[in-house]
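To keep things clear, I will list the structure first and then write my remarks on it.
Only a predicted model underlies this, so the values are computations on that prediction, with no experimental measurement involved.
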Amino acid sequence: MADQRQFYISSQCLEAKQLLADSRGHWGIENRLQWVKDVTFVEDCPSRRGGNAPVNWVILHTFFITIARFLGFRTIPQAQRALSNQLD
């Protein structure tokens with residue numbers, strides 16, 4: 001396998017190991033959220049197009065993920081099943 005180099009611009013003066021840990025932590029969070037949106041809500045192939053609809057749905061999906069995690073659900077599909085049609 002060939003060596004790879006990546007360059008980052010930062011306002012912090014960090015050792016290489018700390019910068020690596022910080023960047024992995026950031027991408028772990030980013031990948032975790034994007035994966036859920038892509039798999040659970042199929043955001044890569046939106047069926048709602050035109051106007052503000054795609055952006056509005058992304059906002060709603062993100063809000064739902066936040067609420068589901070706040071309420072302690074292990075998975076987003078588990079939260080969807082538990083919370084759907086629970087209107088009083």
Side-chain angles (χ1 to χ4, degrees):
M1 184 170 163
D3 290 334
Q4 294 182 358
R5 290 184 185 204
Q6 295 182 4
F7 298 92
Y8 294 89
I9 297 174
S10 175
S11 60
Q12 299 176 327
C13 186
L14 300 172
E15 296 290 325
K17 287 183 181 181
Q18 183 61 46
L19 184 59
L20 177 63
D22 289 354
S23 65
R24 283 185 175 169
H26 167 76
W27 287 110
I29 293 167
E30 183 73 18
N31 290 337
R32 183 173 167 236
L33 179 61
Q34 294 306 323
W35 184 86
V36 168
K37 286 180 169 185
D38 292 345
V39 172
T40 306
F41 297 115
V42 194
E43 283 193 358
D44 281 347
C45 302
S47 59
R48 300 158 199 95
R49 297 175 190 205
N52 294 325
V55 173
N56 291 338
W57 280 105
V58 167
I59 291 169
L60 287 172
H61 293 159
T62 304
F63 178 73
F64 182 80
I65 291 168
T66 301
I67 295 298
R69 289 182 176 156
F70 178 78
L71 293 175
F73 288 99
R74 279 188 50 242
T75 66
I76 302 306
Q78 179 187 42
Q80 285 176 310
R81 287 189 297 272
L83 299 174
S84 62
N85 299 318
Q86 298 298 317
L87 301 175
D88 291 330

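- No continuous path of hydrophobic side-chain contacts links Val58 to Leu60 [ILVMFWY only; heavy atoms under 4.5 Å].
- No side-chain heavy atom of Phe63 sits under 4.5 Å from any side-chain heavy atom of Thr66.
- A distance of 5.5 Å separates OG1 of Thr75 from CZ of Arg81, quoted to the nearest 0.5 Å.
- For Gln18, the side chain to side chain contact (heavy atoms under 4.5 Å, CB included) partners are Leu14, Asp22, not counting sequence neighbours.
- Formation of a donor-acceptor pair under 3.5 Å by the Ser23 side chain with backbone atoms of Leu20 is found in this model.
- Distance NZ/Lys37 to OG1/Thr62: 2.5 Å, rounded to 0.5 Å.
- Atom-to-atom distance recorded for Phe64:CZ and Leu83:CG is 5.0 Å, nearest 0.5 angstrom.
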